[in-house]
Number of protein chains: 2
Amino acid sequence: MPKAETRGLADTLKVLSDPNRLMILELLMQGVQCNCELGDKLGLPMNLISHHLKVLREAGLVDAERDPVDARWVYYSINTRLLARLRDELYAFLDPERIVPRLPTCGPRIASVEALRALRA
Amino acid sequence: MPKAETRGLADTLKVLSDPNRLMILELLMQGVQCNCELGDKLGLPMNLISHHLKVLREAGLVDAERDPVDARWVYYSINTRLLARLRDELYAFLDPERIVPRLPTCGPRIASVEALRALRA
DNA sequence: GATATACTACAATTGTTGTTGAACTAGTTT
DNA sequence: AAACTAGTTCAACAACAATTGTAGTATATC
């Protein structure tokens, strides 16, 4: 896992690490789409919702689209591709099978371990 | 998805939303275990590693164990169960299949949608 | 007992972030 | 044109978090 990838993943996780934003995502998944109704359901002012939506949009997790009939309304939706990619990435990263039992390169028993290795070689 | 659950998940994600902590987790998965070597590999001072390890420990993601031979050394390891649980939780939450196409309860077309519903009923 | 080692804890600094309130756009209705 | 509606942006603030440096703890070695 390269260091650059780690940065990107951490940035995305930071976006998700807010309860209000998680709830917004949850509501968007359930089909709710406009700022006002998100605010109603969460009991939060519209400007705060707008702020969090902007963060989600800048992370690419959420898309915005204006209503063609009444352009005052904006409908938000989830970027399915990015969501799926993030899901896969996290699923791979958090895989418990990946864990290596123990790889001692440090500590008091190193000397004897090294001696064993030398013997075997 | 209840609001309390959202809080807990957000807290855990906040712990993960730091590149250094992600790298520490990655190294722990690869079998590295002591503070000093983590610091070496990441080019970070020991007290900073210690700080991040504490955050990871308080979140339950990482366990600590003293060396029985030389108790100055502490070996850190990943809490496999919690990791697996988090993985499952995220995998379920981020499922793109869950997304409902559109559920208009807001916007200019509501009136006509409601009329259609009334007609069908 | 004095020194060294591995690590932890505290204090201070800096930067970031969630929230709030007010002002501002852009579009619609009357 | 005036009033209204949906939403955004700006400024300010308090709370938090990452990093750094220093001091402290516990254990081991000489």
Side-chain angles (χ1 to χ4, degrees), chain A residues 6-7 10-24 28 32-59 62-77 104-111, chain B residues 6-7 10-24 28 32-59 62-77 104-111:
Chain A
T6 309
R7 263 204 107 69
D11 286 343
T12 308
L13 290 174
K14 180 154 276 170
V15 171
L16 294 181
S17 71
D18 179 274
N20 286 335
R21 281 198 287 269
L22 280 184
M23 282 306 296
I24 289 175
L28 288 181
V32 180
Q33 285 199 326
C34 71
N35 187 323
C36 61
E37 197 175 11
L38 289 169
D40 283 351
K41 297 219 174 194
L42 296 176
L44 298 173
M46 208 159 37
N47 52 358
L48 187 51
I49 301 286
S50 190
H51 163 67
H52 286 308
L53 282 170
K54 187 181 181 186
V55 176
L56 288 167
R57 244 183 315 135
E58 284 174 348
V62 163
D63 294 321
E65 185 195 3
R66 288 205 168 266
D67 190 308
V69 175
D70 186 337
R72 285 175 300 183
W73 299 76
V74 180
Y75 301 122
Y76 295 94
S77 57
T105 55
C106 226
R109 279 166 295 188
I110 289 294
Chain B
T6 309
R7 261 204 108 69
D11 286 343
T12 308
L13 289 175
K14 181 155 274 170
V15 171
L16 294 180
S17 71
D18 180 274
N20 287 335
R21 281 198 286 268
L22 279 184
M23 281 306 296
I24 289 175
L28 289 181
V32 180
Q33 285 198 329
C34 70
N35 188 323
C36 62
E37 198 175 12
L38 290 169
D40 283 351
K41 297 219 175 196
L42 296 177
L44 297 173
M46 207 160 38
N47 50 1
L48 187 51
I49 300 287
S50 189
H51 162 68
H52 286 308
L53 282 170
K54 187 182 180 184
V55 176
L56 288 167
R57 244 182 316 134
E58 284 173 347
V62 163
D63 294 322
E65 185 195 3
R66 290 205 167 265
D67 189 309
V69 175
D70 186 337
R72 286 174 301 181
W73 299 77
V74 180
Y75 302 122
Y76 297 95
S77 57
T105 54
C106 225
R109 280 167 293 188
I110 290 292

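Numbered from 1 within each chain, the chains take letters A, B, ... in sequence-line order.
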Atom CG of B/D11 and atom P of D/dC16: how far apart are they, to the nearest Å? 12 Å

Quickly work out the B/K14 NZ to C/dT16 P distance and round it to whole Å. 15 Å

By the definition side-chain contact (heavy atoms from CB on, under 4.5 Å), identify the one residue from B/V32, B/D63, B/D67 that meets it with B/Y75. B/D67

Where do B/P108 and A/W73 come nearest, in terms of heavy atoms and distance? CD-CD1, 3.7 Å

Side chain of A/M46 - closest among C/dA6, D/dG7, C/dT8: D/dG7

Without swapping roles, check the side chain of B/R21 against the backbone of B/V15 for a donor-acceptor pair under 3.5 Å. yes

Pairwise distance CZ(A/R7) to CG(B/D18) - rounded to 0.5 angstrom: 9.0 Å

Stems involving DNA chain C: give each as a range paired with a range, ordered by first number, where a stem means at least three consecutive Watson-Crick or G-U wobble pairs under 3.5 Å. C:1-30 with D:1-30

Value rounded to 0.5 Å, distance of CG in B/D40 from CE in B/M46: 9.5 Å

Could you report the tightest heavy-atom contact between A/N20 and A/L42, atom names first, then the distance? O-CD1, 4.3 Å

Which nucleotide in the list D/dA18, D/dG7, D/dG21 gets nearest to the side chain of B/N47? D/dG21

Output the rounded distance in Å from CG (A/L42) to P (C/dT19). 11 Å

With a 4.0 Å cutoff (strictly under), does any side-chain N or O of A/H51 reach OP1 or OP2 of C/dT17? no

Which is true for A/Y76 with a 4.0 Å heavy-atom rule: it touches a base, it touches only sugar-phosphate, or it touches nothing? sugar-phosphate

Between B/N35 and C/dT8, is there a side-chain N or O to OP1/OP2 distance below 4.0 Å? yes

Which atom names give the shortest non-hydrogen contact between B/L28 and B/Q33, and what distance separates them? CD2-CA, 4.2 Å

B/L13 CG to C/dT17 P, in whole Å, measures 16 Å

When you measure from the side chain of B/C36, which nucleotide among D/dT9, C/dC7, C/dT19 comes out closest? C/dC7

Side-chain N or O of B/N20 versus OP1/OP2 of D/dT19: is the shortest distance under 4.0 Å? yes

Rounded to whole Å, please give me the gap between CD in A/E65 and P in D/dG7. 14 Å

In whole Å, what is the span from the CG atom of A/L48 to the P atom of C/dT17? 15 Å

Could you pull out the closest heavy-atom pair between B/C36 and A/C106, with the gap in Å? SG-SG, 3.0 Å

Could you list, one pair per line, each protein nitrogen or oxygen that sits under 3.5 Å from a nitrogen or oxygen of nucleotides 25-27 of chain C, together with the distance?
from	atom 1	to	atom 2	distance (Å)
C/dG27	N2	A/R72	NH1	3.4

Report the nucleotide, chosen from C/dT19, D/dT9, C/dC7, that has the shortest atom-to-atom distance to any side-chain atom of A/S50. D/dT9

Apply the side-chain contact (heavy atoms from CB on, under 4.5 Å) test between B/N35 and each candidate in B/I49, B/V74, B/N47; give the one that qualifies. B/I49

Within the side chain of A/R66, is there an N or O that forms a donor-acceptor pair under 3.5 Å with the backbone of A/A71? yes

Presence of B/H52 side-chain N/O under 4.0 Å of D/dA17 phosphate oxygens OP1/OP2: no

In whole angstroms, how far is the C1' atom of C/dA9 from the CZ atom of B/R57? 12 Å

How many Å lie between CG on B/L44 and C1' on D/dG21, as a whole number? 15 Å

